[in-house]
S.K.: 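Just dropping this structure here.
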Amino acid sequence: MLKNGIKVGLVGGISYGCYEMYVQRHPSAQADIDPEKKTIVVLGSGWASTSFLKDIDTDHYNVVVVSPRNYFLFTPLLPSCTVGTIDIRSLVEPTRFIARHKSRTVKVVEAECTHIDPETKSITVTDNSDVKGQNAVSTLSYDYLIIGVGAMSATFGIKGVEEYGCFLKEVWDAQKIRTKLMDCIETAAFPNQSPEEVDRLLHMVVVGGGPTGIEYAAELHDFLVDDLASWYPELAGKVRITLVEALPNVLPAFSKHLIEYTESTFKEQNIAIHTKTMVKEVREKEIEVKRPDGSSDTIPYGLLVWATGNTARPLIKDLMQKFPETQQVRRGLAVDDWLRLDGSEDIYALGDATATRYAPTAQVAAQQGKYLARLFKQLAVRDELEAELADAAEEEKARKDRKLRKAKDIKPFHYSHQGSLCYVGSDKAVADLPFGPGGNLATGGVATFAFWRSAYISNLFSTRNRALVITDWLKKTALGRDISRE
Ligand code: FAD
Ligand code: NAI
């Protein structure tokens, strides 16, 4: 009985997967852009904007997406790409795939929005890619603007970070880290390298003990143990990982028990954690830090990964200046409970570009995108009813009026927290999960890692991404990671 059930489940799952892949590759015909409909311009192709694009009803609107990268990136698994556990192509989904499945044609413009003019309801878009045509700057008009441009890596103006540090936010950051890591290792293996230089080149320093820094250090550790030890036996024991954190502990947003679990797991893995240590300056081969006792010290490094959180993009700072009365939070755009920009009627903002009471996470951004798509559907229904009401016969008016009141009652955004997960290395993860009314389940270990993997697999964008990531994990287990320098 159970065997049959499993068989049916497996066949059902595989058939559904095949059906989904078929549908993905064979999109239906789309309606043309309709000049009678309002135009929504969406900035960005990350968590917030893509979630909006997936759900927006294009029967009601024309939609234009503007983003300097023409794909969505599943950031939670990006640290795995820095050491080759997962291939970068497995984590991205072209925006045009998503756009092509909407009922009406969606225009995708691969460009950066460089200026927003709320007065004329227009934006300037600039092609900043390597290949430019005769025209690289253009203007687009909008009825509604959705700002989902995310944030940039924060440097706090610390000298040398931009020049010598590697961020971990985008595809090219992960590629740069992987190349630089292998370069450090090969350079350390170069003949007649002095022991001091080998020591420096093989010192991998991570600044920032938030989830990005922790997950990167964990992936790096796994790479050293699983792969480096086999292919560079003479160097493997000499590689060191150090994590520098300004606060008294790592993962400040997690439960105390999970912080202790992470710190003890790192100790077992020989990852040194320097807490209450603030980086003051980054130089080409060393960082200068302020120790807990106030003294200054230098730490030599080969590779420096900088993961100290977010700061607002120049476009966002520029827009804030246009609303001096309502936009005064430096962290990001202030919005109301309906995600409408404070001070504007027709601009909405979501995700990391905003400063709200929520943490800047993919979970929040994705829920906000979904919410905003629903809100816009309700706005369209409201507009249609208002138009119909004007021409309706007397007996119809009361019924339509009731419907209109309902359409006007738009509920504010409500965030539902699904929990926080973080990989800590050696096939272990930590998880803070909501449990019961107001409760919390804090758990860490190998079982949590299995949960971490299944949660991310089910959250990946498409069946294609899921198939590729599972293949990458199997490939890594069977063949190990590729150590070639790209
Ligand atoms: P983004 O996803 O950053 O997207 C911004 C988009 O705007 C991009 O497409 C960008 O190209 C585009 N853009 C930038 N400038 C412009 C411009 N001028 N004009 C037009 N478009 C522009 N969160 C979790 O909840 N769980 C996790 O496990 C998790 N892991 C993470 C791991 C890493 C390594 C990182 C870096 C972050 C992680 N996060 C995680 C956080 C999460 O990725 C962010 O909160 C999320 O990406 C925010 O979504 P967003 O759409 O606001 O911004
Ligand atoms: P973060 O803001 O969470 O952590 C940055 C850390 O850097 C802080 O602990 C801070 O004290 C430290 N720091 C700042 N300046 C420093 C200095 N000069 N010297 C030493 N330490 C310094 O940033 P992170 O990790 O990039 O995460 C950004 C957002 O993305 C967060 O909201 C996070 O929750 C989310 N995220 C979630 C993940 C997950 O759920 N697994 C994974 C990665 C990111």
Side-chain angles (χ1 to χ4, degrees), residues 41-52 65-82 95 109-116 123 125-126 128 147-156 158 161 167-171 173-174 206-216 243-254 274-282 287 289-290 306-310 313-316 318 332 349-354 358-366 368-369 417-423 429-432 452 455-456 459:
V41 173
V42 184
L43 304 185
S45 55
W47 278 96
S49 302
T50 302
S51 153
F52 175 80
V65 181
V66 175
S67 180
R69 59 172 215 219
N70 70 350
Y71 55 83
F72 165 78
L73 168 67
F74 188 83
T75 46
L77 288 174
L78 190 62
S80 300
C81 300
T82 57
T95 304
V109 181
E110 197 198 54
E112 200 178 313
C113 170
T114 42
H115 183 72
I116 299 171
I123 62 166
V125 296
T126 309
N128 281 332
I147 304 178
V149 297
M152 303 195 313
S153 299
T155 64
F156 306 103
I158 295 170
V161 178
F167 300 120
L168 181 49
K169 205 160 189 52
E170 298 284 352
V171 159
D173 295 329
V206 182
V207 183
T212 305
I214 292 291
E215 290 196 328
Y216 172 66
L243 189 132
V244 180
E245 166 57 55
L247 295 176
N249 56 268
V250 299
L251 293 183
F254 280 66
H274 296 211
T275 51
K276 297 187 196 158
T277 304
M278 172 91 87
V279 176
K280 292 305 219 185
E281 189 180 334
V282 175
I287 52 172
V289 297
K290 191 171 159 205
W306 190 266
T308 61
N310 294 341
R313 290 190 188 278
L315 177 76
I316 299 301
D318 184 46
L350 67 177
D352 287 6
T354 60
Y358 311 113
T361 65
Q363 248 188 94
V364 172
Q368 288 179 330
H417 186 59
Q418 306 297 307
S420 306
L421 292 163
C422 186
Y423 182 59
V430 292
D432 251 334
W452 176 87
Y456 282 173
N459 274 318

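Whatever order the structure lists ligands and atoms in, that order sets their numbers, starting from 1. These numbers were taken from a predicted model, which means no experiment stands behind them.
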S.K.: Could you tell me if the side chain of Ile116 sits less than 4.5 Å from the side chain of Leu43, heavy atoms only?
M.R.: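 Yes, close enough: below the 4.5 Å cut-off.
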S.K.: Record the part of Tyr423 in heavy-atom contact with ligand 1 below 4.0 Å; permitted values are side chain, backbone, both and neither.
M.R.: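 No part of Tyr423 comes within reach of ligand 1.
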S.K.: Met278 versus ligand 2: do any nitrogen or oxygen atoms come within less than 3.5 Å of each other?
M.R.: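 No - when backbone and side-chain N and O of Met278 are compared with those of ligand 2, no distance drops under 3.5 Å.
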S.K.: Tell me, please, which residues at least two apart from Tyr216 pass ring-ring contact (aromatic ring centres under 6.0 Å, His included).
M.R.: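 None.
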S.K.: Has Ser45 got a side-chain atom pairing as donor or acceptor with Tyr71's backbone, closer than 3.5 angstrom?
M.R.: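 Side chain of Ser45 to backbone of Tyr71: a pair is present.
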S.K.: Heavy atom of Tyr71 under 4.0 Å from ligand 1?
M.R.: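 Flag not set, Tyr71 not near ligand 1.
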S.K.: Should Ile214 and Val430 count as side-chain neighbours, where that means a heavy-atom distance under 4.5 Å?
M.R.: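 Side chain of Ile214 against side chain of Val430, heavy atoms only: no contact under 4.5 Å found.
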S.K.: At less than 4.0 angstrom from any non-hydrogen atom of Val279, what atoms of ligand 2 do you find?
M.R.: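 Those qualifying, in numeric order: 17 (C), 18 (N), 19 (N).
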S.K.: Can you sort out which atoms of ligand 2 are near Ala307, meaning under 4.0 Å from one of its heavy atoms?
M.R.: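 Once the distances to Ala307 are compared, the set is 5 (C), 7 (O).
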S.K.: Could you identify the single nearest non-hydrogen protein atom to atom 16 (C) of ligand 2 and state the distance to 0.1 Å?
M.R.: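 Closest protein heavy atom to atom 16 (C) of ligand 2: Thr308 CG2, 3.7 Å.
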S.K.: Indicate yes or no for a side-chain donor-acceptor contact from Thr50 to the backbone of Thr95 under 3.5 Å, with no hydrogens or angles considered.
M.R.: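 Checking the backbone N and O of Thr95 against the side chain of Thr50, no donor-acceptor pair under 3.5 Å is found.
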S.K.: Students should be able to answer this: which protein heavy-atom is nearest to atom 23 (O) of ligand 2, and at what distance?
M.R.: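 Here the nearest protein heavy atom works out to Gly309 CA, 3.2 Å.
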S.K.: May I ask you to identify the nearest protein heavy atom to atom 15 (N) of ligand 2, giving residue, atom name and distance to one decimal place in Å?
M.R.: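 Scanning the protein heavy atoms, the shortest distance from atom 15 (N) of ligand 2 goes to Phe156 CE1, 3.5 Å.
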S.K.: Which of the listed options, Asp318, Ile147, Asn310, Leu168, holds the heavy atom that is closest to atom 36 (C) of ligand 1?
M.R.: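 Comparing heavy atoms across Asp318, Ile147, Asn310, Leu168, the nearest one to atom 36 (C) of ligand 1 lies in Leu168.
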S.K.: Tell me whether Gln363 contacts the main-chain N or O of Gln418 through its side chain, where contact means a donor paired with an acceptor under 3.5 Å.
M.R.: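 Judged by distance alone, yes, a pair lies under 3.5 Å.
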S.K.: Hey, looking at atom 31 (C) of ligand 1, which of Thr50, Thr95, Thr75 has the closest heavy atom?
M.R.: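 Residue with the shortest heavy-atom distance to the ligand atom: Thr75.
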S.K.: Please could you name the atoms of ligand 2 that Pro360 approaches to less than 4.0 Å, counting only its heavy atoms?
M.R.: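 Contacts of ligand 2 toward Pro360, numbered from 1: 29 (C), 30 (O), 31 (C), 32 (O), 35 (C).
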S.K.: Do Thr82 side-chain atoms and Pro79 backbone N/O form a donor-acceptor pair below 3.5 Å?
M.R.: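 Such a contact is found between Thr82 side chain and Pro79 backbone.
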S.K.: Are a donor atom and an acceptor atom from the side chains of Trp47 and Thr75 found within less than 3.5 Å of each other?
M.R.: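 Looking only at side-chain atoms, Thr75 and Trp47 do form a donor-acceptor pair, the distance falling under 3.5 Å.
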S.K.: Could you work out, for atom 6 (C) of ligand 1, the closest of Gly148, Cys422, Cys81, Gly332 by heavy-atom distance?
M.R.: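 Closest candidate by heavy-atom distance is Gly148.
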S.K.: Counting heavy atoms only, which of Val364, Val66, Val65 comes nearest to atom 20 (C) of ligand 1?
M.R.: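 Minimum heavy-atom distance to atom 20 (C) of ligand 1 goes to Val66.
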S.K.: Is there any N or O on Pro211 that sits under 3.5 Å from an N or O of ligand 2?
M.R.: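 By distance alone, the answer is yes.
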S.K.: Between Gln418, Arg313, His115, which one has a non-hydrogen atom sitting closest to atom 15 (N) of ligand 1?
M.R.: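 That would be Arg313.
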S.K.: Which atoms of ligand 2 sit under 4.0 Å from any heavy atom of Leu421?
M.R.: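 Under 4.0 Å from Leu421, ligand 2 has these atoms: 39 (C), 40 (O), 41 (N).
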S.K.: With a heavy-atom distance limit of 4.0 Å, tell me whether Ala365 approaches ligand 1 through its side chain, its backbone, both, or neither.
M.R.: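 For Ala365, the contact with ligand 1 is made by the side chain alone.
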S.K.: Which residues pass the ring-ring contact (aromatic ring centres under 6.0 Å, His included) test with His417, not counting sequence neighbours?
M.R.: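 Tyr415.
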S.K.: For atom 7 (O) of ligand 2, what's the nearest protein heavy atom and its distance?
M.R.: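 Going atom by atom, the protein heavy atom closest to atom 7 (O) of ligand 2 ends up being Gly208 CA, 3.3 Å.
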S.K.: For atom 6 (C) of ligand 2, which protein heavy atom lies nearest, and how many Å away is it?
M.R.: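 Residue, atom and distance for the closest contact: Glu245 OE1, 3.5 Å.
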S.K.: Need the ligand 2 atom indices (1-based, order shown) with element for anything under 4.0 Å from a heavy-atom of Thr212.
M.R.: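 Per the distance check, 24 (P), 25 (O), 26 (O), 27 (O), 43 (C), 44 (C).
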S.K.: List the closest protein heavy-atom neighbour of atom 21 (N) of ligand 2: residue, atom name, distance to the nearest 0.1 Å.
M.R.: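 Ranking protein heavy atoms by distance from atom 21 (N) of ligand 2, first comes Ala246 N, 3.1 Å.
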S.K.: I need the minimum non-hydrogen distance between Lys169 and Leu73, along with the two atoms involved.
M.R.: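 The pair with the smallest heavy-atom distance is O-CD2, 3.9 Å.
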S.K.: Do me a favour and list the nearest non-hydrogen protein atom to atom 4 (O) of ligand 2 with residue, atom name and distance?
M.R.: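 Sorting protein heavy atoms by distance from atom 4 (O) of ligand 2 puts Gly210 CA, 3.5 Å first.
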S.K.: Pull out every atom of ligand 2 sitting under 4.0 Å from any heavy atom of Glu215, numbered as shown with elements.
M.R.: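 Per the distance check, 41 (N), 42 (C).
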